[in-house]
Chemist: 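Attaching a single structure in structure tokens format; questions to follow.
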Amino acid sequence: MGLLPEPRFTQTSTHLAPGDALLLYTDGLTEARTPSGPMRQEEGLAAHLAAGTWDDADDLVAGIRRLLDHLGTGVNDDTALLALSVPIHPPAPAQETR
């Protein structure tokens with residue numbers, strides 16, 4: 001954001017249903033090279049995510065961490081992730097004990 005003198009921002013909203021997850025990431029993830037050479041880009045990341053089963057945001061981040069570990073030296077840019085998920089079964093309400 002500090003690179004551009006007048007950055008433009010867009011606001012949007014979405015609804016996540018139970019079991020949905022939202023993943024935000026920097027280009028260090030999609031520009032990483034695979035052991036065979038080509039960059040993963042969005043298509044490679046989408047294929048990796050579609051091939052897995054992710055229980056929640058923690059599991060999703062762990063799966064991407066395993067992908068980054070597998071890519072090893074192919075990751076040459078900083079990579080940041082933020083994952084949010086909506087539980088399928090909401091936690092039971094806390095019970096008061098006396």
Side-chain angles (χ1 to χ4, degrees):
M1 296 184 327
L3 177 68
L4 304 173
E6 295 183 35
R8 295 172 42 168
F9 299 95
T10 302
Q11 181 176 333
T12 188
S13 62
T14 190
H15 175 80
L16 297 178
D20 286 348
L22 173 67
L23 175 66
L24 304 173
Y25 55 88
T26 60
D27 64 349
L29 177 59
T30 54
E31 292 179 356
R33 293 188 174 275
T34 64
S36 59
M39 294 202 182
R40 295 201 56 87
Q41 298 297 328
E42 282 77 16
E43 296 82 15
L45 177 58
H48 174 76
L49 294 174
T53 302
W54 317 106
D55 294 329
D56 56 24
D58 290 337
D59 194 35
L60 179 58
V61 170
I64 293 176
R65 177 60 196 232
R66 287 189 298 274
L67 170 65
L68 292 171
D69 289 345
H70 173 74
L71 295 175
T73 60
V75 181
N76 58 13
D77 191 4
D78 60 317
T79 303
L81 306 170
L82 172 63
L84 306 168
S85 62
V86 178
I88 293 174
H89 303 289
Q95 294 182 348
E96 183 178 334
T97 57
R98 295 180 188 226

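What you are looking at is a predicted structure, and each value in this text was computed from that prediction instead of being measured. Because only heavy atoms are used, hydrogens play no part in the values below, and waters and symmetry mates are left out as well, while side chains stay in.
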Chemist: With the 4.5 Å side-chain cut-off for hydrophobic clustering, are L16 and L24 part of the same group?
Modeler: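 Same cluster: L16 reaches L24 through Ile, Leu, Val, Met, Phe, Trp or Tyr contacts under 4.5 Å.
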
Chemist: In this structure, would L22 and V86 fall into the same cluster of hydrophobic residues linked by side-chain contacts under 4.5 Å?
Modeler: yes

Chemist: Could you tell me whether a side-chain N or O of S85 sits under 3.5 Å from a main-chain N or O of A57, the two making a donor and an acceptor?
Modeler: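 Answer holds: yes.
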
Chemist: Do you know the tightest heavy-atom contact between D20 and H15?
Modeler: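 Reported closest heavy-atom pair: OD2-O, 4.4 Å.
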
Chemist: Given 3.5 Å as the limit, does a donor-acceptor pair link the side chain of T79 with the main chain of D77, or not?
Modeler: yes

Chemist: Taking side chain to side chain donor-acceptor pair (under 3.5 Å) as the test, write out the residues that go with D78, two or more places apart.
Modeler: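 Partners of D78 by the side chain to side chain donor-acceptor pair (under 3.5 Å) criterion come out as none, since no residue qualifies.
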
Chemist: With sequence neighbours left out, write down each residue that passes side chain to side chain donor-acceptor pair (under 3.5 Å) with R65, or none if nothing qualifies.
Modeler: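 R65 satisfies side chain to side chain donor-acceptor pair (under 3.5 Å) with D69 only.
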
Chemist: Let me see the working for I64 and Y25 under side chain to side chain contact (heavy atoms under 4.5 Å, CB included), right down to the final yes or no.
Modeler: CA-CA 10 Å; I64 293 176; Y25 55 88; over 6 Å; no

Chemist: Supply the atom-to-atom distance L84 CG to L23 CG, rounded to the nearest 0.5 angstrom.
Modeler: 9.0 Å

Chemist: To check you understand the geometry: which heavy-atom pair defines the closest contact between A83 and V61, and what is its length?
Modeler: CB-CG2, 3.6 Å

Chemist: Would you say W54 and L82 are hydrophobically clustered, going by side-chain heavy atoms of ILVMFWY under 4.5 Å?
Modeler: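 Not linked; separate clusters.
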
Chemist: Taking atom CG of D59 and atom OG1 of T53, what is their separation to the nearest 0.5 Å?
Modeler: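 With rounding to 0.5 Å, CG (D59) is 8.5 Å from OG1 (T53).
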
Chemist: For residues L49 and L60, determine if any side-chain heavy atom of one lies less than 4.5 Å from a side-chain heavy atom of the other.
Modeler: yes

